[in-house]
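Each ligand, and each atom within it, is numbered from 1 in the order the structure gives.
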Amino acid sequence: MVTTVLVVEDEREIRELLRRYLERAGYGVLTTGSGAEAVRLLGEPGIALAVLDLGLPDVDGDEVLREARERGRVPVVVLTARTTVEDRIHGLRLGADDYVTKPFSPTEVVLRVGAVLHRAGGAPTGAARTVSYGGGRLRVDEARHEATLDGTLLELTPTEWGLLTALASVPGRVYSRYELVNRVRGYEFAGYERTVDSHVKNLRRKLGPDGAGVVVTVLGVGYRLGWSRDP
Ligand code: CA
């Protein structure tokens, strides 16, 4: 499965720039502009590393960093406009694994993410291996771009593949249609909600009788993977 990086940055342009560069490097990317949402996401499994802007509008970045440290060992690369040596030391003391000062080159951020993951024992780029769900019934092989259900290869379109791997990156987490279209296409467009629904319908049909149990509708919110990841 792809290595998922959480980008926490309230400036949309920077957030999307980092998403593009990280995705191009083979990572799965979740983004949020909210510190509170970041704290919630860091409590869930499946996030390999967080890129965290310290200047957030709701919760202070320092606070998010502290929470990340308390909730377990998710490595954090901090982005900040604060440039003094004291600020740098402050961030590192709080537990940041690396530090990038704004304005930065997105390539540098990608390289630092790779280096920190490597040090943390993860893979420098999206590690490709098969991950299974639902007691081995659903298998997703990111490297081969293949998914099987009960041993049978699923013939998925690129959009269906994107939806499935997005949902499978954090099983149980609810993804809004907006998030899904963003992850699959990288942008939103008019009428995207109905488009997502029709792709989900096709994906479920291919998943057979269990389709609605694998891709679960969460009324008024979106979709989630109904099967948990196997240990
Ligand atoms: Ca900011």
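Legend: protein N/O/S atoms lying under 3.0 Å from the Ca ion (ligand 1), waters omitted, number 3.
Using a 4.5 Å cut-off on side-chain heavy atoms (C-beta onward), V214 and L225 make contact. Looking at heavy atoms from C-beta onward, T130 lies out of side-chain contact with T148 at the 4.5 angstrom threshold. Side-chain contact between T157 and K206 is present, with at least one heavy-atom pair separated by less than 4.5 Å.
Among V77, V113, I47, the one residue that satisfies the side-chain contact (heavy atoms from CB on, under 4.5 Å) test with V5 is V113.
Residues R112 and E108 are paired through a salt bridge, judged by an N-O separation under 4.0 Å between the basic side chain and the carboxylate. For D53 and R15, the salt-bridge test fails: no basic side-chain N is under 4.0 Å from an acidic carboxylate O.
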